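Protein chains get the first letters and strands the later ones, always in sequence-line order, with residue 1 at the start of each. As the structure is a prediction and not an experimental result, all values here were calculated from the model.
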Amino acid sequence: MEQALSELKVLDLTQHIAGPYCTKLLADYGADVIKIEKPGEGDSTRRMGPFPDDIPHPEKSGLFLHLNTNKRSITLNLKSSTGRKIFLELAKDADVIIESFRPGVMASFGLNYEVVRQINPRVIMASISNFGQTGPYRDYKASDVVLSGITGEMYSSGQPDREPLKFADAAIQYGGGYLALVGILAAVLVTQWQGIGQYLDLSLMQLIETLQDGRARASITYQFTGDAGRRVKNEHSLTWPPTGNYPCVDGYMCWTGLGKWRNVCQMIGRPDMITDPRYATPEARRQHAKEIQDILSPWMMERTKKESWAAGMAAGVLCGPCNTADEVVQDPHLRGRNFWAEVKHPVMGKITIPGRPFIMSETPWQLRRPAPLLGEHNEEVLSQLGYSREDLVRMREAGAV
Amino acid sequence: MIRYPLEGVRVLDLCQLQAGNSANYILADLGAEVIKVESTQYWQFGVRGQMARPSKGEQAGYFQRDPGERPWERTTGFHSYCRNKLSMTVDLKRPEGVHIFKQLIKVSDIFIESNSPDTVERLGIDYPQLKEVNPALIMLRMSSYGLTGPYRNFSSMAQNVEAFCGHTSLRGYPGLDPTFTPLGIMADGVAGVGVAIAVLMALRYRRQTGKGQLIELAQAENFIPMLSQAYMDFILNQRVQTTLGNRHPSAAPCGAYPCAGDDRWVAITVHNDEEWSGLRRALGDPDWAKAPELATMVERYREQDAIDKHLAEWTRGRSPREVMELLQKEGVPAGPITDGRDVLNDPHNRARGHFQEITHPEVGTYEAVAIPWKMSELELRIRHPAPLLGQHNEYVYKELLGYSDEEYTRLENEGHIGNVPAEHIP
């Protein structure tokens with residue numbers, strides 16, 4: 001079946017998480033993505049876990065295997081004149097080039113946009129970096145917690161008497177890569193509709209700051225109300241109980257009682273509490289919060305996550321189970337929807353990875369190939385450029401590929 | 001003159017809450033004409049606040065902490081995720097409303113809805129019906145768990161989806177149970193991004209083939225790939241990861257450290273030996289850091305509780321910004337943990353033009369977060385602030401749909417067209 005991005009040619013000079021997630025989506029929805037890696041070393045995520053039995057191996061990183069599906073890999077030393085020459089030959093025919101080196105590195109290779117545009121005026125070139133190509137933080141270093149902290153929201157997350165708490169794992173970097181993709185696809189449409197190529201300066205800090213997870217709103221809230229977003233006690237747990245994570249028989253449930261007091265009372269079999277003046281308004285509930293909790297707790301502690309979820313949904317109270325990773329992977333709903341994908345990998349054999357983020361009826365997400373071995377497609381790609389097997393051996397000996 | 005990427009693309013936005021609205025926010029920023037399909041006859045939850053007429057005590061999130069005469073024009077959320085959109089009103093619960101909506105579908109390119117799955121089916125505006133009206137339509141349906149399967153009709157907010165996806169169990173404070181874990185809303189933000197991505201892809205395909213399509217985004221499935229390390233660890237090793245808090249699986253020290261001032265914090269990470277040397281230099285190489293048992297990353301990872309204590313003693317006397325500058329000068333990743341005011345005043349944000357002043361009739365002039373994609377051939381600017389309820393009714397009914405003045409007045413009298421939520425709405 002045809003895919004949305006079929007025939008879009010992408011050169012991928014990104015590494016780590018944000019850039020590769022962006023190019024993974026291009027590849028998963030049909031683009032021909034050639035991942036250019038450093039000879040002998042490859043993408044940094046090849047050295048990041050999880051690995052089977054915790055034994056590091058450049059072809060066995062669970063993270064790399066997820067982030068690089070459907071891409072082809074070639075190795076090029078961009079510092080060498082041969083590597084640079086091959087890159088420019090590939091660039092001549094590319095629709096999109098995406099890089100995530102630190103600002104200035106592409107220029108040091110002699111491969112900045114001005115150079116590439118000379119040989120391919122319609123090309124889109126996008127730089128994804130932590131802070132962008134301009135501004136006082138341009139050359140600063142970042143990490144997951146640094147990016148989380150400097151973009152807001154983290155400050156507002158957590159207990160008032162504890163340190164702010166970031167999102168789990170590298171989630172925010174995936175979010176940044178996802179947002180970068182929006183700009184790149186917008187540029188693809190500009191090329192398709194208006195025939196114009198261009199350069200994109202994508203700053204993860206700036207992109208993440210526009211995320212509508214509370215971040216984009218925080219600076220407006222400050223201007224509107226003077227509230228800069230200090231961590232506070234969960235007020236809604238008092239005025240709209242239950243709101244928050246609460247224990248149940250087999251773990252925890254996340255409840256959102258907001259606006260649903262009537263439904264909550266019906267759910268726990270206490271319709272009398274709907275109109276009882278002690279509980280009828282948010283203010284009254286705040287004053288009798290402990291009483292309400294004493295009524296809710298036994299109801300919750302008699303039910304499993306599954307039972308609580310069903311009861312909440314039947315009564316129209318928003319909620320969800322606090323799953324652990326194993327429960328997510330084994331969840332019957334996701335299994336039934338064929339969310340998880342299986343791919344055969346030359347070193348790993350059959351492996352399961354997370355599947356499509358969205359389903360397109362005409363142009364589906366497809367797993368055409370597993371994440372590539374380092375330099376797996378050197379011969380395939382270079383022979384298309386007219387290089388012979390002997391050329392390849394020579395270049396390998398010279399350290400160019 | 002280069003045009004906005006989505007100039008000439010018309011989008012109908014029938015979304016409640018933040019996730020759907022944030023999808024349309026991105027499309028509007030890219031130049032699409034996004035029409036919010038609102039109503040004066042019922043309340044769309046979480047678009048213009050939780051209630052039309054909140055009690056005076058409900059101040060949070062309202063301009064100047066005052067719901068005022070028109071609370072629906074005053075919530076920060078609406079201003080944040082509805083800028084650049086237009087607003088029309090219609091009552092979709094009556095047949096004439098559905099008829100009006102279908103006429104609008106005929107002249108639109110994209111329709112995005114984020115209601116529980118049976119809503120549009122009940123209203124008779126599901127894809128099969130709308131495709132008959134407009135075969136090239138791209139329709140996007142986003143619900144929490146998708147259109148099929150046992151959880152199909154389970155509605156939720158971001159924190160519930162995140163709990164389901166495991167984010168809550170992966171995120172808390174080490175040593176504290178999930179009742180202490182903040183309620184996340186990342187799933188909302190990235191659901192909007194996923195929808196925008198899907199729409200952009202579908203537009204490319206439609207341009208090539210003339211074909212529209214139906215896109216289904218389950219917010220849970222959209223978010224799960226972003227936590228892949230934890231799932232892959234279970235798949236490869238049957239290990240169930242728990243929270244690391246602000247720590248890193250392989251770098252140490254890493255976390256949030258207290259600074260001088262009231263509730264001020266700085267984030268620091270040391271990924272490798274080179275950065276560790278940088279940290280030692282920045283701190284003046286104190287005795288504790290010279291200890292031979294901290295020489296390698298493996299050892300530092302094991303000793304990070306002790307390192308954190310020393311490091312916090314050093315950060316405590318300094319501002320977050322001072323720590324950032326001292327550490328970054330030595331090549332160590334560090335940055336302030338910023339609140340809404342800090343983000344607004346951040347010198348890097350200022351230098352990169354991260355804010356744009358806009359003026360709205362109800363809340364006046366303020367600085368909105370600028371459009372973040374920096375393109376060499378075109379500066380994307382916010383074109384107008386969030387719309388007043390029904391502000392673009394005349395444009396939609398008369399210009400797009402060709403209704404006469406008389407018909408317009410009749411629809412006004414019948415409660416389709418208006419700019420104040422009906423009295424019966426709390």
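- Aromatic rings of Trp309(A) and Phe154(B) (six-membered ring for Trp) have centroids within the 6.0 Å cut-off, being under it.
- If you tally non-hydrogen atom pairs under 4.5 Å between each of Gly61(B), Gly194(B), Gly146(B), Gly335(B) and chain A, the highest count goes to Gly194(B).
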Residues 320-327 of chain A, side-chain donor-acceptor partners within the protein, below 3.5 Å, at least two apart:
{"unit_1": "Asn323(A)", "atom_1": "ND2", "unit_2": "Phe164(B)", "atom_2": "O", "d": "2.8"}
{"unit_1": "Thr324(A)", "atom_1": "OG1", "unit_2": "Asp326(A)", "atom_2": "OD1", "d": "2.5"}
{"unit_1": "Thr324(A)", "atom_1": "OG1", "unit_2": "Glu327(A)", "atom_2": "OE1", "d": "3.0"}
{"unit_1": "Glu327(A)", "atom_1": "OE1", "unit_2": "Lys305(A)", "atom_2": "NZ", "d": "3.0"}
{"unit_1": "Glu327(A)", "atom_1": "OE1", "unit_2": "Thr324(A)", "atom_2": "N", "d": "2.8"}
{"unit_1": "Glu327(A)", "atom_1": "OE2", "unit_2": "Lys305(A)", "atom_2": "NZ", "d": "3.1"}

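- Both the backbone and the side chain of Thr221(A) come within less than 4.5 Å of a heavy atom of chain B.
- When all heavy atoms of Thr179(B) and Pro247(A) are compared, the pair lying nearest together is CG2-CD, 3.9 Å.
- Residue Pro249(B) does not touch chain A at all, counting heavy-atom pairs closer than 4.5 Å.
- Sorted by first and then second residue, the salt bridge (Lys or Arg N to Asp or Glu O under 4.0 Å) pairs with a member in residues 149-175 of chain A read Asp144(A)-Lys166(A); sequence neighbours excluded.
- Residues Tyr174(A) and Ser228(B) share a closest heavy-atom pair of OH-OG, 2.7 Å.
- Within 6.0 Å of CD in Gln208(B) there are more than 12 heavy atoms belonging to other residues, nucleotides or ligands.
- The part of Val188(A) that comes within reach of chain B is its side chain, from C-beta onward, which places non-hydrogen atoms under 4.5 angstrom from that chain.
- Separation of the His79(B) and Phe224(A) ring centroids falls under the 6.0 Å cut-off.
- For the residue pair Gln206(A) and Arg352(B), a side-chain donor N or O sits within less than 3.5 Å of a side-chain acceptor on the partner.
- Looking at Phe234(B) and Gln330(A), their side chains come closer than 4.5 Å, going by heavy atoms from C-beta outward.
- Only the side chain of Val190(A) comes within contact range of chain B, with heavy atoms under 4.5 Å apart.
- Contact of Leu380(B) with chain A is not made at all, since no heavy-atom distance falls under 4.5 Å.
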